[in-house]
Amino acid sequence: MELLGIITCGGAALACALFVILSRNTVHSALWMVGNCLALGVLFLLLDSQFIAALQVIVYAGAIMMFIIYAIMMLNQRVSDEDSFRKSLLSGRFVVSFLFMVCLLGLGIGLSPMALKGTMGPHARVQYGEINLLANYIFVQGLAAFELVSVLLTAAVVGAVFLARRD
Amino acid sequence: MVTFKVILPANDYMAVLPQIVLVSTALLVLMMGVFKKLVNASAPGFTALAGSLLALGCVLFVGHHGAPSSTFGGMVLVDGFSFFLSLVICIIIALTILVSLNYGNFFNCMRTGEYYSLLLMAGVGMIFMATAGNLILLFVALETMSISIYALTGFHKKQLKSSEAALKYFLLGAFGSAFLLYGFAFIYGATGSLDIIKIAGFIKTHPQMLNMKFLVAAFVLTIAGIGFKISMVPFHMWTPDTYEGAPTSVTGFMATGVKAAAFAALIRVILVPLAPMQHSWVTIMWIAAFLTMTVGNIIALVQDNIKRMLAYSSIAHAGYILLGFLAGTGLAQAGMLYYLMVYAFMNIGAFGVVALLCKKGEEYTSISDFAGLGFKYPLLGLVMSVFLFSLAGIPPTGGFMGKFYLFTQALRSGYVWLVVAAGVNSVISIYYYLRVVVVMYFSPQASENSIVLGSVSPGIVIALATAATAVLVMGIFPSYFFSLAGNSIFSLM
Amino acid sequence: MKFDLVRLIPIFPLVGVLINGLLGRRIVEKNKSLVHWIACGAVGLSFLVTLGLFVKLLGLPADKRLYDFTWFTWISSGVFHVNIGYQIDPLSMFMCMFVTGVGFLIHVYSIGYMSHDESYFRFFTYLNLFMFSMINLILADNFLLMFLGWEGVGLCSYLLISFWFSDLANAVAGKKAFVTNRVGDFFFAVGMLVLLTHLGAHGVWSLKFNDVFSHAYLLPPHLVTIICLLFFLGCTAKSAQIPLYIWLPDAMAGPTPVSALIHAATMVTAGVYFVARCNVLYSMSPFAMHVVAVVGALTAFFAATIAVTQNDIKKVLAYSTVSQLGYMFLGLGVGAFAAGLFHVLTHSFFKALLFLCSGCVIHAMGGEQDMRNMGGLRKKMPITFASMLIGTLAIAGLPGFSGFFSKDEILWQAYSSPQGSHILWLIGLLAAVMTAFYMFRLIFMTFFNECRASEEVQHHIHEAPKTMTVPLMVLSVLSIFGGLLGVPASLGGMNRVEHFLHPVFGLGAGKILQAAGGPSVIHKAVAQTAAEPHSFALEYELMLLTTLLVFAAIFAAYVLYVKKRDVPGRIAEGNPSFYQLLLNKWYIDEIYETVFINPLRAFSIFLWKGIDVVVIDGLVNSTAAFFVKCGNVCKSTQSGYVQRYAVSFMVGVFGLIAYFMYVR
Amino acid sequence: MNDYQSVYLALSAILFALGAFGVICRKDAIVVFLCVEIMLGAVNLAFVTFSRANQSAEGLFMVMCIMAVAGAEAAIGLSIFVLLYRKTGSINIDKFNLLKW
């Protein structure tokens with residue numbers, strides 16, 4: 001059952017990603033990206049982390065992607081002005097990427113699952129992704145990072161406003 | 001249903017006092033922008049300066065005594081290493097603000113509250129990078145720093161070069177972060193934790209892990225991500241473009257602060273936990289260090305723009321510092337820290353001088369613009385020569401002692417040929433550093449593009465004097481600073 | 001007063017250097033006198049601190065008179081550490097006392113002498129820098145810091161000799177001094193390195209005097225000899241001994257206070273101090289001691305013969321300095337370290353006095369230095385004349401004056417010490433007689449008879465201002481009574497100098513060696529220094545002989561240069577070759593020119609034209625061109641296209657992965 | 001027990017490589033940025049996978065932070081694009097080639 005889900009959603013995610021790259025229309029790319037995010041969200045659900053899945057859909061697919069699409073609209077950049085893209089499919093860059101993918105796959109799959117030891121014991125399995133456990137982590141151990149994220153967002157807003165402001 | 005009790009541990013807020021001060025100042029400075037009519041135009045700058053000095057005071061006040069410890073659930077490490085780097089970074093921030101105060105007189109956008117608050121927030125990120133005990137915090141800190149600096153790079157909104165630099169830096173930076181994160185993911189997968197101390201402990205207790213592909217992937221991707229920030233060849237390509245395009249005061253900040261923080265992360269993330277893996281990375285890092293210094297130096301030889309030249313030279317310096325990384329001993333790491341400190345002073349100084357030579361709207365960054373400077377402004381020429389000599393590693397400056405420590409330790413660890421290569425590189429570098437000195441003192445001044453010093457504020461005078469003095473003092477009496485760096489390394493968690 | 005205050009001694013002149021050096025130009029514009037107040041004040045304060053420490057040191061029992069003050073670590077490299085540290089012991093304080101004291105007087109004198117100079121502040125900056133270096137040289141507790149001071153004084157000497165650098169001759173003289181000194185410094189440095197590496201082989205990685213001397217027994221004897229000779233070669237340059245004395249007479253090109261301070265009273269005695277400081281090493285090597293003694297004696301004689309024929313007032317004094325320095329080395333070489341140091345002290349008084357007087361004369365004569373154009377100044381410059389006469393009497397060694405006691409002590413030791421010999425004594429005696437002769441020749445030619453200067457010059461002749469004459473008076477008093485510090489036992493004195501320095505030379509050295517390596521390595525000269533009672537009869541006879549001969553020489557000078565003034569000319573004509581030989585300083589400069597300099601020059605021209613231009617330059621230029629070419633090629637990778645950068649990034653990652661997967 | 005970890009990781013690796021491919025091939029700055037986001041998504045997938053394998057919430061918190069960072073980067077990045085677009089009327093990254101050599 002899980003495998004089926006993985007294949008479906010994983011396939012969808014890959015296909016969306018591919019279309020992000022291949023679409024000539026920027027808006028289409030962004031919309032495919034939303035699809036990719038949604039597929040990933042389902043994968044997260046399959047991985048038993050409901051909260052992250054929700055975040056993925058609401059924050060990523062919902063907020064960030066909408067923001068990007070809005071920016072695209074603002075720039076009035078429906079069709080990207082590319083001529084050389086098709087050529088580059090067969091260029092050295094493609095080879096580099098392909099080799100890179102092979103390498104990553106080699107590294108990523110060559111894992112023996114024994115080496116991984118859970119820190120929580122097997123029966124907590126369904127819980128690791130639950131929101132209260134996560135909250136506990138965020139506000140107890142992760143407090144410093146969590147607070148720093150606020151600084152990060154402030155900096156981003158300040159910078160973005162300054163750069164995009166007309167003056 | 002399992003119930004969770006959230007017990008907030010007693011966090012040691014003193015450990016992050018400098019960061020708190022910096023963030024508060026950043027917000028205060030930002031607020032000043034809102035009340036533009038009520039406050040003086042230069043108030044944000046001076047407030048930021050006061051904040052950075054206060055943070056510096058906090059670092060010194062809190063200091064580091066006793067055994068290394070951690071707080072915030074292991075996220076923040078309190079040890080000598082944190083202390084030393086916080087000190088260096090606070091100095092960098094303060095000096096950068098001093099330089100910017102003057103630079104802001106030429107370019108109005110540089111005196112806004114946004115500029116200083118971004119500078120301070122980038123500083124917060126840097127300090128957290130140096131003190132992070134957890135990869136999550138390290139990553140967030142790195143991004144805090146990077147995002148602030150992406151914005152700062154594009155701060156010359158009127159100049160296309162600046163925007164272009166921001167674009168390049170941003171795209172490549174985000175790209176590099178993705179690699180870094182992927183590396184972190186593999187570290188997490190291999191060791192089951194993101195806590196640096198736990199990672200180190202896990203690797204120590206499971207030596208069979210060392211040959212696991214996960215750890216290899218983790219190392220490769222992490223080194224690529226951090227190598228991007230320290231501009232290690234071949235991840236260095238963004239450096240010259242960004243340094244050239246960014247506002248000069250920001251370039252000085254980037255060249256020193258980012259590098260210091262990134263090297264701190266390199267030591268924290270790679271050198272300490274993955275030390276047992278060292279034998280397997282020696283060759284490849286050897287090549288990387290060699291390429292880094294050679295490529296940096298060789299391309300710097302043929303530059304005409306001083307900012308670009310210094311950018312390439314900063315790549316070369318990263319190569320020298322990598323020698324210490326390779327040598328791997330405690331003293332070598334102390335040498336790295338010492339070098340970072342000297343490097344901070346001499347580079348901010350050099351960029352400070354470059355930042356001084358501009359008038360409204362345009363800068364003098366071509367090396368030929370420096371013709372006759374040494375006679376027209378003798379003190380300025382002298383100070384610039386001190387920085388350049390130090391960068392070239394000529395005694396009695398700090399740059400010489402820094403190289404001396406690094407090279408000696410590398411020799412002790414048996415990297416004879418690499419040290420020879422580094423020596424040859426130093427000789428090459430002397431050529432292009434001294435070329436500037438030669439132009440300053442021996443070229444007749446072309447009358448049409450004669451450099452005029454704009455208004456020189458006391459701030460930049462203090463900054464340059466401090467930096468020059470520090471470079472000389474560190475060169476003549478290196479022991480104190482070296483033992484400071486050494487102590488910080490030996491109380492590394 | 002705490003011993004830790006020793007750091008103030010160098011700090012004061014350093015502060016003076018910084019203030020005058022950095023702000024001097026502005027200070028001169030505002031208020032010129034502030035410059036000399038700062039400079040003299042700095043040295044004066046140093047002197048006061050030295051005095052305080054000296055008194056405190058005297059208050060301690062003799063065997064406790066050693067204090068080592070470590071200020072901070074200077075260089076730290078693994079096990080090898082060098083501190084900025086100062087050592088207070090009788091020897092260093094003894095030197096420091098008169099260096100700061102005489103230095104202070106000469107600073108004061110310079111106020112008047114240099115008052116019309118344009119680069120007033122520059123002069124005082126250099127002088128203070130010199131004091132700083134010299135104090136470091138003396139107080140250092142390790143070889144390296146001493147070497148720093150050693151180099152520093154060399155640099156200041158160079159700067160000051162060519163102070164009026166717009167004149168080519170001065171610049172050349174400065175260069176000659178500098179190059180000659182560099183030759184010596186090289187040997188010093190080599191000696192230091194040999195010492196360090198060989199001691200390091202025994203685990204003693206230290207250049208600290210105390211460590212080195214207490215472990216010196218570890219070194220094999222031949223090595224000690226080599227080190228001592230290397231060090232001594234260094235000293236021959238700094239202290240103007242054969243074969244490297246040639247720079248000192250030329251150094252007189254500098255302003256006269258400089259000649260007085262650096263090239264007579266203080267810097268040139270650094271070599272003597274150095275040998276004395278290393279007395280433990282020298283005591284272990286009889287051969288090195290012999291070399292020191294022989295070189296010293298020969299220099300004393302040789303320089304005296306040259307001085308007899310010189311006509312330039314400062315050159316005469318310069319050669320007499322060389323000659324007197326030879327005396328000091330003679331004393332050291334025969335194991336009479338204390339006597340050598342005593343002569344350093346008295347010499348600094350009377351030679352500084354003589355130079356300052358000659359400065360007054362030159363000042364009054366409007367820059368004239370040739371004695372043949374002087375004469376009759378006795379009445380016009382009474383204070384100068386009196387002072388100079390006192391100085392001359394002191395240097396000639398008339399009984400009662402300071403020079404008498406120190407010189408006699410050296411001669412006696414040369415005669416009686418087991419290290420000495422009758423020949424050394426005889427050479428020393430001849431030199432002493434000649435000294436009396438040429439010094440009185442100088443007095444008679446300058447101050448007696450009629451004035452031979454032009455009318456216009458004569459009109460200007462006047463006594464020097466107060467700032468110049470007061471130091472003369474102080475130095476005169478010291479020249480007369482300074483000798484009382486070391487009246488030998490035979491004349492009913494206490495020989496206080498020897499007793500004071502005893503912890504460093506006799507007792508201390510013996511103790512260190514005895515504690516460390518047993519008596520086998522102690523040379524008899526050291527063991528014997530604790531003066532045994534001996535019959536004074538022989539000593540009295542020799543003393544009387546010397547005194548009589550000196551009087552005879554003075555009389556001869558009187559006859560030749562006051563009464564029958566045509567005789568010298570006739571003698572010169574009668575023996576033209578010999579006279580020319582002396583007048584041209586034994587043609588030493590010319591010999592060096594042909595033997596060393598010309599071949600070297602030819603060789604360097606060959607290196608320049610043949611090797612350098614063709615081979616090296618060709619190599620260097622092609623290397624440079626190669627790197628520039630590489631740069632241009634590499635530069636093109638930096639194409640400006642972001643995506644190429646990203647590709648490079650990925651290629652890097654790919655390379656790393658490939659390495660780990662397939663290579664390793 | 002087979003929890004398909006390798007499959008997830010392989011998926012993540014392919015997504016990451018696809019994203020990287022997009023970054024080095026597409027000329028439109030916004031699409032390049034979207035490709036970076038794909039890479040970040042791949043990283044997130046890896047983190048969640050490992051988080052489950054390790055049974056710890058640490059990785060999930062990292063994922064949250066990455067999302068926050070992605071948002072922040074989007075903000076900064078888009079403002080830079082807007083800035084450039086206003087100046088030159090294009091965001092084709094090959095047109096920005098002032099800084100080189």
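Reminder, nothing fancy here: chain letters follow the sequence lines and each chain counts from 1. Computed from a predicted model, the values in this text were never measured in an experiment.
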* Asked: Counting heavy-atom pairs under 4.5 Å to chain A, which of B:Lys158, B:Met145, B:Lys157 comes out on top?
  -> B:Lys157
With a 4.5 angstrom heavy-atom cut-off, which part of [X] approaches chain A: side chain, backbone, both or neither?
{"X": "B:Val140", "result": "both"}
{"X": "B:Leu27", "result": "side chain"}
{"X": "B:Thr112", "result": "side chain"}
{"X": "B:Ser193", "result": "neither"}
{"X": "B:Ala141", "result": "both"}

* **Aromatic ring pairing B:Tyr150/B:Phe170, orientation class (parallel under 30°, perpendicular over 60°, tilted between)** => perpendicular
* To do: Take the angle between the ring planes of B:Phe202 and B:His206 and call it parallel below 30°, perpendicular above 60°, tilted in between.
  => parallel
* Greater than 12 external heavy atoms within 6.0 Å of A:Tyr70's OH -> no
* To do: Show your working on side-chain contact (heavy atoms from CB on, under 4.5 Å) between B:Tyr13 and B:Ile20 and close with a plain yes or no.
  => CA-CA 9 Å; B:Tyr13 285 95; B:Ile20 293 175; 4.3 Å; yes
* Structure fact -> Scored by heavy-atom pairs under 4.5 Å with chain B, the best of A:Ala160, A:Ala155, A:Gly159 is A:Ala155
* **Euclidean distance, B:Asp195 CG relative to B:Ser70 OG, rounded to 0.5 Å** => 7.5 Å
May I have the list of side-chain donor-acceptor pairs in residues 127-139 of chain B shorter than 3.5 Å, sequence neighbours left out?
unit_1	atom_1	unit_2	atom_2	d
B:Thr131	OG1	B:Ile127	O	3.0
B:Thr131	OG1	B:Phe128	O	3.4
B:Asn134	OD1	B:Ile136	N	2.9

